Amino acid sequence: MRKTIIAGNWKLFKTIPEAIDLANGIKRELLDCVNVDVVLCPVYTALSEVAEIIQDTDIKLGAQDLYWQDEGAFTGEVSGKMLLDAGCSYVIIGHSERRQFFAETNETVNKKIKAALKIGLTPIVCCGEMLAEREAGNTFKVLDDHIKNGLTGLSEEEALKIVIAYEPVWAIGTGKTASPIQAQEAHKYIRDQLAKLYNKDTADAIRLQYGGSVKPENITELMKQPDVDGALVGGASLQVASFSEIVKKASTVKK
Ligand code: 13P
């Protein structure tokens, strides 16, 4: 049984006071929601404050990226060691916005995954195709590339510790969600690739999140898909009501 995992990627939103308000609101709403792993991923500057708010709950803290060195002359970067220090247990790696705007590649994703695992952070590894790639019929090819090259050199034991988020780029922030069937098809493909890279038991144990315009209105149908184990939520994670409703609805879907 894979435990449902819903993460809120706050992206480049929320000042520290706003992040405190949001985290307090989510904590109030979700105190009883124990059958879902909930992860909040604020901007770096708000990590410590959010950590303090959720420290007495089951809600976990995640960062949106990391650098693979522990420390050194790397101006502007934040390491896994520092994220741990700030209270994180998860870190998003290889988000499409980082691939598009910040020159993230499968090679850097791979180094970051290894660095996160080494320090004890759970990586949420993102993959997914752009619209042109889908329209050209290359969705599976892109997923293959992101998964195989992103996970290069990871042992079975390490692979079991990661979460993978399928986020079709054309569905991010556009209001266009992949249909539950499209999401299931991609998730099934990813799981099959994991089974080829490792084995069926390992593939069956790895949690796969869907991301891209997830809302309270579509979470139930997405979660009903056999290979959708949760969601990585952007816009709808920025408000207490919508994020809490997504988590609560996800928690009621029986697999
Ligand atoms: P939206 O939910 O705003 O489409 O963002 C999805 C996403 O990129 C989460 O990482």
Side-chain angles (χ1 to χ4, degrees), residues 4-34 36-67 75-98 100-102 104 112 115-116 119-126 163 165 167 172-175 209-216 219 230-251:
T4 299
I5 175 165
I6 307 285
N9 175 7
W10 295 1
K11 304 193 180 183
L12 188 54
F13 291 99
K14 304 291 178 190
T15 60
I16 294 173
E18 288 167 350
I20 290 173
D21 277 355
L22 179 55
N24 271 322
I26 290 170
K27 174 178 162 175
R28 252 192 320 273
E29 283 293 321
L30 297 181
L31 268 186
D32 304 331
C33 208
V34 289
V36 174
D37 284 338
V38 177
V39 186
L40 306 182
C41 305
V43 290
Y44 291 131
T45 48
L47 285 173
S48 296
E49 280 77 5
V50 174
E52 209 175 304
I53 292 166
I54 59 178
Q55 64 181 345
D56 54 344
T57 72
D58 288 331
I59 301 173
K60 298 287 192 286
L61 188 69
Q64 299 174 18
D65 190 24
L66 85 166
Y67 190 57
T75 303
E77 294 296 323
V78 176
S79 71
K81 187 175 152 187
M82 287 154 189
L83 297 180
L84 215 55
D85 188 35
C88 292
S89 44
Y90 286 80
V91 58
I92 298 171
I93 296 176
H95 192 280
S96 63
E97 285 148 19
R98 297 217 62 82
Q100 274 180 282
F101 309 132
F102 303 101
E104 190 86 83
K112 290 177 179 187
I119 203 104
L121 292 167
T122 299
I124 297 179
V125 182
C126 302
V163 174
E167 298 205 309
I172 295 177
T174 58
Q209 294 177 306
Y210 168 79
S213 299
V214 172
K215 302 183 267 286
I219 186 67
L232 181 54
V233 187
S237 74
L238 297 174
Q239 261 138 33
V240 175
S242 45
F243 186 68
S244 308
E245 201 180 337
I246 287 170
V247 174
K248 286 176 191 172
K249 284 191 166 167
S251 78

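Given the structure is predicted, the values throughout are model-derived calculations rather than measurements.
A 4.5 Å side-chain heavy-atom check between L22 and F243 finds every atom pair outside the cut-off. Counting only heavy atoms from C-beta outward, the side chains of L40 and K60 never approach each other to under 4.5 Å. Between P42 and W10 the shortest side-chain heavy-atom distance falls below 4.5 Å. Taking 4.5 Å as the limit, some side-chain heavy atom of I93 sits within range of a side-chain heavy atom of L66. Between T122 and S89, the closest side-chain pair of non-hydrogen atoms is not below 4.5 Å. Contact of the V240 side chain with the E29 side chain is registered, since non-hydrogen atoms from C-beta on lie closer than 4.5 Å. Using a 4.5 Å cut-off on side-chain heavy atoms (C-beta onward), P123 and V163 make no contact. With contacts defined as side-chain heavy-atom distances shorter than 4.5 Å, the pair I20/V50 does not qualify.
Smallest separation of non-hydrogen atoms from A231 and I219: CB-CD1, 3.9 Å. Residues S251 and V36 approach most closely at CB-CG2, 3.4 Å, considering heavy atoms. The minimum heavy-atom distance linking A86 with A51 is given by the pair O-CB, 3.4 Å. Nearest approach of S242 to P216, heavy atoms of both residues: O-CG, 3.7 Å.
Summarising the geometry, atom CG belonging to L47 is positioned 8.0 Å from atom CD belonging to Q64; distances are rounded to the nearest 0.5 Å. To the nearest 0.5 Å, the span separating CD1 on I246 from OG on S237 amounts to 8.0 Å. Between I119 atom CD1 and C88 atom SG the span is 12.0 Å, to the nearest 0.5 Å. To the nearest 0.5 Å, atoms CD (E49) and CG (L61) are separated by 10.5 Å. Between the SG atom in C126 and the CD1 atom in I172 there is a gap of 7.5 Å [rounded to 0.5 Å].
Judged by distance alone, the side chain of Q209 and the main-chain N or O of A165 form no donor-acceptor pair under 3.5 Å. Using a distance-only test at 3.5 Å, with no hydrogens or angles considered, a donor-acceptor pair links the side chain of T57 to the main chain of I54.
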T174 vs S213, test: side-chain contact (heavy atoms from CB on, under 4.5 Å). Steps then yes/no. CA-CA 7 Å; T174 58; S213 299; 4.0 Å; yes
Between V39 and I6, does a side-chain contact (heavy atoms from CB on, under 4.5 Å) hold up when you go through it step by step? CA-CA 6 Å; V39 186; I6 307 285; over 6 Å; no
For K215 and E245, what are the C-alpha separation, side-chain angles and deciding distance, and is it a salt bridge (Lys or Arg N to Asp or Glu O under 4.0 Å)? CA-CA 9 Å; K215 302 183 267 286; E245 201 180 337; over 6 Å; no
Test log, rule side-chain contact (heavy atoms from CB on, under 4.5 Å), inputs I5 and Y90: CA-CA 12 Å; I5 175 165; Y90 286 80; 3.6 Å; yes
Go through it in stages, so that I can follow the logic: the residues are V233 and N9, the test is side-chain contact (heavy atoms from CB on, under 4.5 Å), and I'd like the CA-CA distance, side-chain angles, deciding distance and then a yes or no. CA-CA 6 Å; V233 187; N9 175 7; over 6 Å; no
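Judged as a salt bridge (Lys or Arg N to Asp or Glu O under 4.0 Å), the pairs with a partner in residues 11-20 (not counting sequence neighbours) are, in order, K11-E97.
Under the side-chain contact (heavy atoms from CB on, under 4.5 Å) criterion, Q100 pairs with S96, M130, V169, sequence neighbours left out.
Enclosure of atom CD in E52 is not indicated, since only 12 or fewer non-hydrogen atoms of other residues, nucleotides or ligands lie within 6.0 angstrom. Within 6.0 Å of OH in Y44 there are more than 12 heavy atoms belonging to other residues, nucleotides or ligands.
A salt bridge is defined here as a Lys NZ or Arg NE, NH1 or NH2 lying under 4.0 Å from an Asp or Glu carboxylate O, and R98 with D65 meets this definition.
No option in D58, D56, D32 other than D56 meets the salt bridge (Lys or Arg N to Asp or Glu O under 4.0 Å) test with K27. The one candidate from L30, D37, I59 that meets the side chain to side chain contact (heavy atoms under 4.5 Å, CB included) condition with V247 is L30.
Under 3.5 Å, the side chains of H95 and E167 contain a donor-acceptor pair of N or O atoms.
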